[in-house]
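Within every chain, numbering begins at 1; the chains are lettered A, B, ... in the order of the sequence lines, protein sequences first and strands thereafter. These figures come from a predicted structure and were not determined experimentally. Both backbone and side-chain heavy atoms feed into the values below; hydrogens, waters and symmetry mates do not.
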Amino acid sequence: MDNIKDIIVQVVASHLKQIKKEFGFKINEDDITVELPKKEEYGDYSTPIVLKIARDNKLNPIEIGAKLQKSISEAKHPYFKSVEFYKPGFINFFISKEILTKNLEEVYLLKEKYGRRKNPHPEKILIEFVSANPTGPLNVVSARAATVGDVLSKLFILDGHQITKEYYINDAGRQVNLLAESMLIRIKQHLGEKCELKDEHYHGEYISELARQMLDEGEFEKIKNDQDVLTKIKEYTLEKLINSQKDVLKKYNIEFDNWFHESSLRKSDLLKECHQLLDKKKLLYKEEDKTFFRSTLFGDEKDRVIIREDETPTYFFVDIAYHYNKIKRGFTCLIDLWGPDHDGYIPRMKGALSALDYGDAKFKVVIIQQVNLLEKSRKVQMSKRLGTIVLMEDLINDIGVDASRFFFLHRSISSHLDFDLDLARKQSEDNPVFYVQYAYARICNIFKQAENKKIKVEYTLYKNDWEWKEEEVKLIKKMFDFPLMIQQAAENIQPNLLPNYLLDLAGIFHQFYTQCRVLDEKQKEITQNRLFLSECTRQILYNGLKIMGVTAPERM
RNA sequence: GCGCCCGUAGCUCAGCUGGAUAGAGCAUCGGAUUUCUAAUCCGAGGGCCACAGGUUCGAAUCCUGUCGGGCGUACCA
């Protein structure tokens, strides 16, 4: 079935064309917006287009509205039971029963594919997220990014795109060198040597433990006299830390298609290639033995160093090469999920990609706002270097994957998220996730009861004499909106629409459950119809929970 | 100083590209279970949508300014 909003836009546009000569106005199809009215009497969908036309052309909205309403009404479009005009200028649409039941049958037939659409402009998207430094375990900030990235990926797939999920491992550069140094110092301390960490080193307890482990395993013994002992330590440490990151992500049910190593980039010719390309466009210059990129030409505040005087590339330069590599792999759209601290980094990166002839329209940076941790209503200072972080793993162990995921998705990504640790456990008891899961479990139980009562489930709708009760209508209409919500969440990058929708759907189901008894041996047709409604609801709850990565329990 | 995010009920937040009487959950108070799981449902109270201007038929939503909170402003990543 086509998207209802598009259908309404088309219908309105075609009828406006018919009457526009009479009034003498012009219309732009893009101006036709469709919204969900707040009150039932205003219909299922509504458009205020008449008000816009009246304003732009200084005409009377009442006259145009009446005419438009009449025109659409008389066409008797199968989608609409009725079309009404309300002052001061709203055209309100009431969906027909036939279309709603047809949609239900579609839910039943399509199952997990319900909500998926064929996109007229499909993209081959690379979405990169988390990409935390491999200098320590993942923390709760990464947990938010991981959740959002994972769910966005699934939403994009439903919206008809092709997706690759990638994690960029910064396994080269200054920070990992400091990591190796920190390890060596800890190892020496374990061996009784006197040496101290400096401020810039990593102070976390996990380094000390890892140093102990390296000694215990005899790995240090093997390399201690090598010339490149620090490199060997680095390799050992990175492997351990990266694996632990992977383990936690796995525990969180997040799978990446690709793990891209920064070190592989440094070994390749891509840096050279990028340098040549940018140089050819006269976008580079040298000053005090450093090479600068003219990012100011692209709206950046100042030009940025890409090669230092000691000829090492800056992080920025390597990142340019990385994104250039993404382009060369044939992606038509690049999406990066960054933290708010990287906000100022956007202009230069966009500039670099424009310079490499990759229109910045296809490079999208999504900023996921920070997570603040509160303990006893006070903010917890987090620093990876100081080791005062709350780990993603602790979070999972504490409140569980389901509740964490729901919690992170529940609010818009541009909002700061205050994570109250004292409340976390409490949250896990009356977390809204259980409200949704409970609706799911209830439905499953209805089917178990049907089995017990030897009621055969036919999965058919008896449409003829079916008088819809209020709760049934609400439920059916809500299910109708699922695909629209998916599309909206994907297009506007609003994963929070998903949990909100599921909460609504679950709530309406609970109402339905209270008011409309499903299993009734005396009323076969009503029983079958309500079983069908329950099954469709179950399917959509299942689909939604699956996108969120939250389990759908059959029993609670 | 400049840039970005946030400011909506006691608390946590929804409010889509401006729309028709500002919504949920938690908390508080009061009801509902001989019938498919009460982790549920129904009802009540609670708001100058931070403040001040502007745009217009219409603003929580857009623009400008002010105040408050956070983040950033590297040859770190």
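- Base engagement by A:P48 is indicated by at least one non-hydrogen atom pair under 4.0 Å involving a base atom.
- No engagement by A:V436 is indicated, since no non-hydrogen atom pair under 4.0 Å with the nucleic acid exists.
- Using a 4.0 Å heavy-atom cutoff across all strands shown, A:R517 reaches at least one base atom of the nucleic acid.
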| said: Once pairs are restricted to Watson-Crick or G-U wobble with both distances under 3.5 Å, how does RNA chain B read as a dot-bracket string, [ ] for crossings and | for other-strand pairs? | reply: (((((((..((((.....[...)))).(((((.......))))).....(((((..]....))))))))))))....
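- Base contact: A:Y86 has a heavy atom under 4.0 Å from a base atom.
- A ring-centre distance under 6.0 Å is found for A:Y501 and A:F482.
- For the pair A:R442 and A:Y513, the cation-pi criterion (under 6.0 Å, within 45° of the ring axis) is fulfilled.
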Determine all donor-acceptor pairs shorter than 3.5 Å in which one atom belongs to a side chain in residues 449-458 of chain A; sequence neighbours excluded.
residue	atom	partner	partner atom	Å
A:E458	OE1	A:T460	OG1	3.3
A:E458	OE1	A:Y462	OH	2.5
A:E458	OE2	A:K524	NZ	3.0

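- Residue contacts for A:C516: at a heavy-atom cut-off of 4.0 Å it reaches a base atom on one of the strands shown.
- Within the nucleic acid shown, A:Y513 comes within 4.0 Å of at least one base atom, counting heavy atoms only.
- Each of A:V130, A:D319, A:D336 was checked for a side-chain contact (heavy atoms from CB on, under 4.5 Å) with A:Y168, and the lone residue meeting it is A:D319.
- When heavy atoms are screened at a 4.0 angstrom cut-off, A:Q488 is found touching base atoms of the nucleic acid.
- Interface remark: the A:S412 side chain does not form any donor-acceptor pair with the B:A14 base, using a distance-only criterion of under 3.5 Å.
- Salt-bridge formation is not detected for the pair A:K474/A:E471: no Lys NZ or Arg NE/NH1/NH2 atom is positioned less than 4.0 Å from an Asp or Glu carboxylate oxygen.
- Among the heavy atoms of the strands lying under 4.0 Å from A:S414 are primed sugar atoms or P, OP1, OP2 only; no base atom is included.
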| Does the ring pair (Phe, Tyr, Trp, His ring centres under 6.0 Å) test come out yes or no for A:F256 and A:F129, once each step is laid out? | CA-CA 9 Å; A:F256 284 89; A:F129 58 104; 4.7 Å; yes
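- Contact annotation for A:D31: no contact, since no heavy-atom pair falls under 4.0 Å across all strands.
- The pair A:R266-A:E262 meets the salt-bridge criterion, with a side-chain N (NZ, NE, NH1 or NH2) lying under 4.0 Å from an Asp/Glu carboxylate O.
- When heavy atoms are screened at a 4.0 angstrom cut-off, A:A441 is found touching base atoms of the nucleic acid.
- With hydrogens and angles ignored, a donor-acceptor pair closer than 3.5 Å exists between the side chain of A:H342 and the base of B:A77.
- Set against B:C41, B:C36, B:G19, the side chain of A:Q511 has B:C41 as its closest nucleotide.
- Contacts classified as salt bridge (Lys or Arg N to Asp or Glu O under 4.0 Å) and involving residues 483-509 of chain A (residues at least two apart or in different chains) are given here: A:R117-A:E491, A:K478-A:D504.
- Considering only side-chain atoms of A:Q175, the nucleotide from B:C5, B:A14, B:A77 that sits closest is B:A77.
- Comparing B:C41, B:A39, B:C76 against the side chain of A:R308 picks out B:C76 as the nearest.
- Within the nucleic acid shown, A:E301 comes within 4.0 Å of sugar-phosphate atoms alone, with no base atom in reach, counting heavy atoms only.
- For A:N431 and B:A39, a side-chain-to-base donor-acceptor distance below 3.5 Å is absent, hydrogens and geometry of angles not being considered.
- Looking at heavy-atom distances under 4.0 Å, A:N496 makes contact with sugar-phosphate atoms alone, never a base.
- For B:C5, the base has a donor-acceptor partner in the side chain of A:H416 [N/O atoms by modelled type, under 3.5 angstrom].
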